[in-house]
Chemist: 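Input: one structure, supplied below.
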Number of protein chains: 2
Amino acid sequence: MDDVMRTVDIAIVEDNKRYLNELALLLSNSPSINIVGCYERGKDAIEEVVKTNPDVILIDIDLPDISGVEVIERVSAHGCPAEFLVLTVYDDDKHLFSALQAGAVGYIVKGSTSLDEIESAIFDVIDGGAPMSRVIAKRVIETFRTKKTPQKTKTKFDELTKRELQILEYISHGYTNRQVAEKLHISYETVRTHLKNIYNKLHVHTLVEAIMLYKNR
Amino acid sequence: MDDVMRTVDIAIVEDNKRYLNELALLLSNSPSINIVGCYERGKDAIEEVVKTNPDVILIDIDLPDISGVEVIERVSAHGCPAEFLVLTVYDDDKHLFSALQAGAVGYIVKGSTSLDEIESAIFDVIDGGAPMSRVIAKRVIETFRTKKTPQKTKTKFDELTKRELQILEYISHGYTNRQVAEKLHISYETVRTHLKNIYNKLHVHTLVEAIMLYKNR
DNA sequence: AAGTAAATACCACAATTGGGTTATTGAGAC
DNA sequence: GTCTCAATAACCCAATTGTGGTATTTACTT
């Protein structure tokens, strides 16, 4: 119809120089793809990518300096409207879900995806799709069904006692330690004792950390 | 390699007799598909399908007697290990997500999917995939990311400046005020100033309250 | 009966956070 | 050329939180 002349501006963030060149070479051969930026480090990308304003950003999730997830978050936070397509060697739930939650729309496992498929994934993205393999899609909905906890592995929350969980629950509703004490009819110092034990079990040092873990458990 | 003789047992639950016949006809033509049951009503399916023990169940989500969602739930509850592939005319989030949550692995919109595609979707399922269109996949991960709060109504967060949101973002990752200052290369006191302004705008008095609002915004 | 885990409570001190106030700079708006 | 606002920064003081202890009671295990 009308997409004969449509071009897509893309940026690539990939620390492996060889792979980066390979990708850039292939994609630049496509008449409808316009590479507006290549970055080997996440930090560079965060600073530069907003200026070039690409439509799609191909990003390696395992960058040497900052995690790709953080790059996605920060670039999005910068108000960049680009869609993120994650390239990765990690075919595990942990990376998958943190990428999706950060805002990636697609997840491509390096080894098992041809360069051609990457190209078509880019077009998928601008067409409003979410390119990922069927198998990955399955994992996504699986988590969807079972609701919370994307990982079935270790959950430190098993170690927490009923009382400790209860206190986290109140804290997460915005109550201060003193207010929790009042609500539970125990002393302020007891609440603090529970909190100390919680911190030790979760390996955190502040309320906010504990709460964030709790809410994503 | 070895799938020459593999056959898939499937059941179909579909109230539209015409469509049911059409489907059954097509699928029975495939040498590797074996239709073990057809049901026009959800109630029948619940009672019968466990006995025939299909690998995949094609199910219309909008049945006249019981909702397809309920059928999925009850058949699964009966210990039937089948995978569910939802057929539907409803291309909206409400039906999509309730189907996924009930346990469907695939979601196929009737109008926009050919019978051939349905056949390959079935093979997708037994290969461990989750067949759905790219566009539907996009909607799934979209919800994934934003989690709760489907309404975008009133949000006090509009009042927050870019910097303020950025600070909340860091805080929500567990950084202390001092660490945020360092990350952003601004002074500790500036971070605190921003936080005070945030508190005023959000009408809260503690970090945890602010973060909880932020995370559910 | 002894041992253990959970819940309770208090003390003390350091660090961080909450709240008020003031002030400078630069970018856009009018 | 003001005016406003976002972003920056500092100071003070009170309150809360973070960290290290120690200690008692109850309930469940062995």
Chemist: Under the side chain to side chain contact (heavy atoms under 4.5 Å, CB included) rule, what do B/Leu213 and B/Glu209 come out as? Steps first, then yes or no, please.
Modeler: CA-CA 6 Å; B/Leu213 274 187; B/Glu209 283 182 285; 6.0 Å; no
Chemist: I want to check something: taking the side chain as every heavy atom from C-beta on, are B/Ile211 and A/Lys215 in contact at a cut-off of under 4.5 Å?
Modeler: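 Not in contact.
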Chemist: I need the NE2-P distance between A/His194 and C/dA9, as an integer number of Å.
Modeler: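 Between P of C/dA9 and NE2 of A/His194: 8 Å.
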Chemist: Could you tell me whether B/Lys43 and B/Glu47 make a salt bridge, using a distance below 4.0 angstrom between a side-chain N and a carboxylate O?
Modeler: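 Looking at B/Glu47 together with B/Lys43, the answer is yes, because their closest N to O distance falls below 4.0 Å.
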Chemist: Can you confirm whether A/Ile10 sits close enough to A/Val36 that some side-chain heavy atom of one is under 4.5 Å from a side-chain heavy atom of the other?
Modeler: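 Side chain of A/Ile10 against side chain of A/Val36, heavy atoms only: no contact under 4.5 Å found.
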Chemist: Reading nucleotides 13-22 of chain C 5' to 3', which nucleotides get B (base under 4.0 Å from a protein heavy atom), which S (sugar-phosphate only), which -?
Modeler: ---SBBBBB-
Chemist: Between A/Lys162 (NZ) and C/dT8 (P), how many Å, whole number?
Modeler: 11 Å
Chemist: Check whether any side-chain N or O of A/Thr161 sits under 4.0 Å from OP1 or OP2 of C/dA5, and answer yes or no.
Modeler: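 False: A/Thr161 side-chain N/O out of range (4.0 Å or more) of C/dA5 OP1/OP2.
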Chemist: How bent is the helix from C/dA1-D/dT30 to C/dC30-D/dG1, comparing axes over its five end pairs at each side, to the nearest 10°?
Modeler: 50°
Chemist: Which nucleotide span of DNA chain D, 5' end to 3' end, has atoms closer than 4.0 Å to non-hydrogen atoms of chain B?
Modeler: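 Going 5' to 3' along DNA chain D, contacts run D/dA6 to D/dC12.
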Chemist: Would you check if there is a donor-acceptor pair between the side chains of A/Thr190 and A/Thr193 at a distance under 3.5 Å?
Modeler: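 Not at all, the side chains of A/Thr193 and A/Thr190 share no donor-acceptor pair under 3.5 Å.
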Chemist: Taking everything shown except A/Tyr175 itself, do over 12 heavy atoms lie less than 6.0 Å from its OH?
Modeler: no
Chemist: So B/Phe84 and B/Val75, do their side chains get closer than 4.5 Å, heavy atoms only?
Modeler: yes
Chemist: Do B/Glu169 and B/His173 have a side chain donor and acceptor closer than 3.5 Å?
Modeler: yes
Chemist: Contact between B/Glu83 and B/Ile57 at the side-chain level, heavy atoms closer than 4.5 Å - yes or no?
Modeler: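 Of all side-chain heavy-atom pairs linking B/Ile57 with B/Glu83, none is under 4.5 Å.
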Chemist: Give A/Thr190 one of three labels, base, sugar-phosphate or nothing, depending on what nucleic acid heavy atoms sit under 4.0 Å from its own.
Modeler: base
Chemist: I'd like to check A/Asp55 versus A/Ile122 (side-chain heavy atoms, cut-off strictly below 4.5 Å). Are they in contact?
Modeler: no
